Amino acid sequence: MSFATPRAHHVFRSLATIRAYRVFARLPLATVRAITVRAITVGLMLVVLPALSAPTSGLQAQQAIDEEYTALIREFTTEEFFSTPYVDHLPASETVPTPLDVLGHIVGAADVLSYPAEIYTYMRAVADASPRVQVHTIGRTEEGRELILVIVSSEENLRNLEVHKANTARLGDPRVTSEAEAASLISSTVPMYWATGAIHSPETGSPEMLMELVYRLAVEDTEFVRTIRDNVIFMATPVIEVDGRAKVVDLHMGARKDPDANLPTRPLYWGQYVAHDNNRDGMGLSLALSQAVVRTFLEYRPIVFHDLHESASHLYTSTGRGPYNAWIDPIVINEWNRLAYKEVEVMTALGVPGVYTHDFYDGWAPNYMMWVAHLHNGIGRFYETQGAGSGATRVIRTDVERQWHRPNTPLPEVVWSIRNNVNLQQSALMIALNEVANTREEFMSNFWRKSQRSVGKALAEGPAAYVFPADDRRPGQQATLLALFQQHGFEIHRADEDFEIEETEYGEGSYIVRMDQPFSRGADMLLDKQYYNPNDPRPYDDVGWTQGALYDVETVRVEDTAILDVPMTFQKDRIKAPGGVAGERSPRAYVINYNADNGLTSFAFAYPQLLIEAAEQGFTAEDRDFNAGSFIIRVDGAGGRIGIGADGANVLRATLAEAGRQYGFTAYGVDSAPDVSTHRIETPRVAVMHTWTTTQTEGWMRLGLDQYGVPFEYISVHDVRDEPNLRDRYDVILFGPSSANALSIIEGLQGDDPVPWQASEITPNIGRQASTDDMRGGLGLEGVLNLKTFVESGGVFVTLSSSASLPTHFGLARGVSIRRTPDLWARGGVFRAAISDEESPIVYGYGDDLGVYFNTAPVFRVVGDSIGGGQQSDEDLGGPTSTTSRRTGRGGVDDTDVIQGRRGDLGAAGVAAFEAEEEENGEEEESGSGSADHIRTVMRYADVEDLLISGGMRNGEILAGSPALLDVTLGDGHIVMFSFNPFWRSETLGSYGLVFNTIMHYRNLSAGGEPPLTDDE
Ligand SMILES: [Zn+2]
């Protein structure tokens, strides 16, 4: 659309405007003028005077206001106290179109939500009309929609945008910047502040708000806004979860287009894979939106990254309650408070009820999207504004009582509108932007200091580095984790020669993550161990996440700073596991060591025509040890399949050479195939079963399958209910985490009328992942019987974590039950599970044990099994390895905590000198002190002493030794049940292989002979 001629009646000139504004503000003209004058002289002071709770930013009396738009703002604001002088009007512009001009309604009009495409149209219209606004594409979603970045600042700042980007980067790397240069950069560099809207799709107000804010920042001529424009480069991404936004607008606007339509009230799917968890991808970076955010963040290096959420009454601005993450610089905590206090103070002074801080959220796990800032010396923050919901005006009720951090309680009952939501978040954000603008050198100086302290970390608090040894058993996993770190912007080096450090020898080619780099804190945060005390405030999310353990990759924390002098080379290119062919030139067979690297599964599925056998025992060939499960490809058999005629052997060799490079493995040519029993690697027909009630957590499994090229058919519980011959269609059915209540899986969604989830004229964006004309009803008892028949006739049914409720409740997994464990405290963290049946194909390629992600339940019991089932004794107040002996911090059970930004022995030299002197003076110091045989228990949780790797635990003996992974035979098939979640937020790549193994060996899960008898203890 073009806006060369803005509607004339929107534009007013000075006196008319003042008059209009006076009427609007119900203040005498003289007062408005007085305010104007005083505003110029005393600036912000004026704004916070409570007496001026109406139009203090009548500061803009010199500028025309858009009367029609302004009147509508008033109309849609339900109460005066849900507005502020920053947003109670809209300045007029002769050149820049308002949202009303482009969209036909103002921002925050009742009953209106905008599609991403409409929002983009508006943003581009503003960018076309204003030299102060730019729009950039920063990515594409899984469903192919665009992600954009809008930039607003003064013409001059935008002209120098590249300079400010480069300066910020320079300031962020004290290795190349002197103190003198930093001082000059601090005063000359304009900080960037990035706000993102609608990460959570049902939280609908922020994309609307950002349209108006962009206009306001580009157009308004008050000193307040000019200060922002001149001293901050504002970045906005109006919609982060673009696919989910399109679906939510479908549902809410569809219901308005056709009031008789039966539509779900909440979207079952948001993006392609996950819903609310879309901002818990901050470590794994596996969603398109996270990748776009990190890429853009590293390009621009904003000082603040700000997520706009909606849930609390009436506006919560984040600081959280702790225990705060133990790896970020303590300076950041002050910066959180600094900005939050400013917003709360000003909003409260303006008479807005219910604005507060220091509430829910702990600030512990670095998985939240805003942690992109904390991994890179920035400031991550968020709001929770009272929700805009469907856009309808409604009565809201709360029962929040006075608390120390909530002296200004929200109203118990009040009429709420989407415009109120827009007013509150827009006002607070402008206050924050103005604060950063006014004190920009302070923020830039902190940024410099934080970067300096990150580089100084190796020599101060430590550690000095992490080593990824060259001889890791899983080079593919190792490379994947290191490549992820590169995506985060962490620098990786590689040792040029063998070296010894802390009495351990490491080979040439070992990778080293130095802690004297600008992003050392981010890397340390992801690699270190966590210690969470259950007596500290209740955690908001996961409490442990150690990435080395969850990737099943060895990482060594090194404190000795001598490691920094090891000859090493910076790794510029994306790290990849090496691969190709080796050994005999004209072999009879190729052998590939199987180490459960996910790339080997990709390889098997990428070449289904290759006949690959799996060795059922380990063997030696070419002077190398090969694990059980290693691939054997006979040239005769496989070459004939892949090649043409006599050339088959050459084609096979070339194929393996290319695949080896792509998937990171080496195929060794051997004279004769090893003499071991084998069975075929299968690429079976896989189905993923979903419910119609929640698809949030199973989405991570679909993502993992897609990432590694394991094709599957996506079916619903209804398909299973209605198909008696499942075995004709599928070999393996995977059921991701769903519900711990088996009956709810059976019953599903209830209701009187059909609830469709499918595309229609009014809902074109839904029904893409899965589609039905009626979501009601669950698996039903028919579905249970169909699954039983499926397994009995040779199918394999796999359940992840909570979904074990289904086979245990309905007796499909005879002899297995789920224990009630109310005394176990084991929130989401990393636990050690040992391989207890190493013959099982499910654990081919794994070592003795593995770090798995477990969260509270389910804890299995197997009939006749005395291991596990440890009961908590009455006098036990936490158990020997409970994480209750110190406060929450870094490190495992046996480690000590570390305070960031200072040496661990700070002050110790002084004490020693003091004591030495005392001793010399002859003064004595006080000495201070401080079975069932159809069940294979494939993995068990470790003994309690070894159980917790990272996170927190109390009464761990309840979990210790209990079955972690069960393979239950039923008829000719198997039910495989995971108590832990092998597909969690793309953080658990080390355990994907357990599911992949189950798939590739589905026909031979009984390989390995008799199930071992359970040991009695
Ligand atoms: Zn949210």
Side-chain angles (χ1 to χ4, degrees), residues 113 116 119 141 147 194-210 236-249 251-252 265-271 273-283 287 289-290 292-293 304-321 336 340 343 354-374 380-391 396 398 410 416 418 420-422 424-426 428-429 432 539-542 694-697 699-700 985:
L113 296 177
I119 294 164
T141 68
L147 275 151
W194 188 6
T196 64
I199 175 73
H200 287 156
S201 304
E203 302 163 15
T204 54
S206 52
E208 312 287 340
M209 180 280 281
L210 286 168
T237 294
V239 189
I240 279 283
E241 175 53 271
V242 193
D243 296 338
R245 173 77 179 185
K247 294 180 180 67
V248 163
V249 176
L251 298 187
H252 292 313
T265 48
R266 291 183 72 79
L268 181 66
Y269 295 87
W270 299 5
Y273 296 111
V274 295
H276 195 271
D277 253 12
N278 62 4
N279 70 332
R280 302 301 200 280
D281 188 37
M283 289 188 267
L287 302 173
L289 63 89
S290 320
V293 163
V304 187
F305 183 89
H306 190 156
D307 279 332
L308 300 166
H309 290 265
E310 300 177 16
S311 71
S313 298
H314 301 298
L315 171 66
Y316 168 66
T317 173
S318 67
T319 45
R321 286 177 164 164
W336 292 345
E343 292 156 343
V355 182
Y356 66 109
T357 186
H358 283 304
D359 208 270
F360 75 90
Y361 178 66
D362 55 18
W364 174 247
N367 52 9
Y368 225 43
M369 192 166 73
M370 64 170 185
W371 279 76
V372 66
H374 301 132
R381 55 198 315 260
F382 67 97
Y383 289 160
E384 296 282 354
T385 311
Q386 186 95 46
S390 70
I396 54 165
T398 61
W416 183 255
I418 183 174
N420 296 354
N421 165 289
V422 166
L424 262 56
Q425 46 177 317
Q426 188 174 192
L429 189 46
Y540 183 74
D541 203 281
D542 286 341
T694 172
T695 61
Q696 155 62 36
T697 308
W700 294 113
R985 294 175 173 171

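Since this is a predicted model, take the numbers as computed values, not measurements. Counting convention: from 1, in listed order, for ligands and their atoms alike.
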Item to check | Non-neighbouring partners of Ser290 that pass side-chain contact (heavy atoms from CB on, under 4.5 Å), sequence neighbours left out | outcome: Asp281, Leu285, Leu287

Item to check | Any residue meeting salt bridge (charged side-chain N to carboxylate O under 4.0 Å, His left out) with Glu203, in chain and number order, not counting sequence neighbours | outcome: none

Checklist entry - Should the ring pair Phe382 and Tyr368 be called parallel, tilted or perpendicular, given that the plane angle runs from 0 to 90° and is split at 30 and 60? => result perpendicular

Checklist entry - Is a salt bridge present between Asp362 and Arg321, judged by a nitrogen-to-oxygen distance below 4.0 Å? => result no

Checklist entry - Which protein N, O or S atoms lie under 2.8 Å from the Zn ion (ligand 1)? => result His200 ND1, Glu203 OE1, Glu203 OE2, His309 ND1

Checklist entry - With sequence neighbours left out, what residues match Thr319 under side-chain hydrogen bond (donor to acceptor under 3.5 Å, both in side chains)? => result Thr357, His358

Item to check | Exam field: side chain Tyr383 to backbone His306, donor-acceptor pair closer than 3.5 Å | outcome: no

